**Q** 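I have a structure I would like to understand better, so I am pasting it below and will then ask my questions one at a time.
Only heavy atoms go into these numbers, but all of them, side chains included; no hydrogens, no water, no symmetry mates. Please read these numbers as outputs of a predicted model, since none were measured by experiment.
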Amino acid sequence: EHARRAITEALANTAQHAGARQAWVLLATCDGLLDIEVRDDGVGFEPATIATAGHYGLLGLRERARLAGGDLQIVSAPGRGTSLRLRFPATAEQNGA
């Protein structure tokens with residue numbers, strides 16, 4: 001459930017804000033972790049700006065990752081697209097799903 005909702009939110013953010021022509025979703029499991037990456041070729045942004053009001057989608061993704069026992073990494077720069085990487089335990093028992 002956490003994975004599905006995280007992917008949905010990441011793609012909604014891409015559609016609403018990125019101005020991207022393409023987006024990619026990559027899923028993998030390794031050593032009991034689910035690794036989700038959502039990338040786009042959009043306008044990008046300065047990741048430090050997510051701490052400001054109005055960026056609730058990314059804050060929600062960070063909170064979802066935390067609740068699932070994992071973390072969120074954001075790599076972006078103006079004009080260079082964005083990559084969101086979520087990692088958390090792959091089993092329902094570990095992440096409370």
**Q** Return the CG to CG distance between Leu33 and Asp71, rounded to the nearest 0.5 Å.
**A**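 So the gap between those two atoms works out to 9.0 Å.
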
**Q** Hey, what do you get for CD (Glu63) to CG (Leu59), rounding to the nearest 0.5 Å?
**A** 9.5 Å

**Q** Which pair of heavy atoms, one from Gly69 and one from Pro89, lies closest together, and at what distance?
**A**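 Scanning both residues, the minimum pair turns out to be O-CD, 3.6 Å.
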
**Q** Can you tell me how far apart OG1 (Thr14) and CG (Asp40) are? Round to the nearest 0.5 Å.
**A**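 Going from OG1 on Thr14 over to CG on Asp40, the span is 4.5 Å.
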
**Q** Are the charged groups of Glu9 and Arg5 less than 4.0 angstrom apart, N to O?
**A**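 Answer for the salt bridge query: no.
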
**Q** What distance do Ile7 atom CD1 and His2 atom NE2 have between them, rounded to the nearest 0.5 Å?
**A** 13.0 Å

**Q** Passes side-chain contact (heavy atoms from CB on, under 4.5 Å), Val25 versus Leu11? Steps please.
**A** CA-CA 9 Å; Val25 177; Leu11 290 173; 4.0 Å; yes

**Q** Measuring from atom CZ of Phe88 to atom CG of Asp35, what distance do you get when rounded to the nearest 0.5 angstrom?
**A** 9.5 Å

**Q** Among Leu34, Leu72, Val38, find the one that has a side-chain contact (heavy atoms from CB on, under 4.5 Å) with Leu86.
**A** Leu72

**Q** Taking distance alone, no hydrogens or angles, what donor-acceptor pairs closer than 3.5 Å link side-chain atoms of residues 73-83 to residues at least two apart or in another chain?
**A**
from	atom 1	to	atom 2	distance (Å)
Ser76	OG	Phe45	N	2.9
Ser76	OG	Phe45	O	3.2
Ser76	OG	Gly81	O	2.9
Ser76	OG	Thr82	OG1	2.8
Ser83	OG	Glu37	OE2	2.7

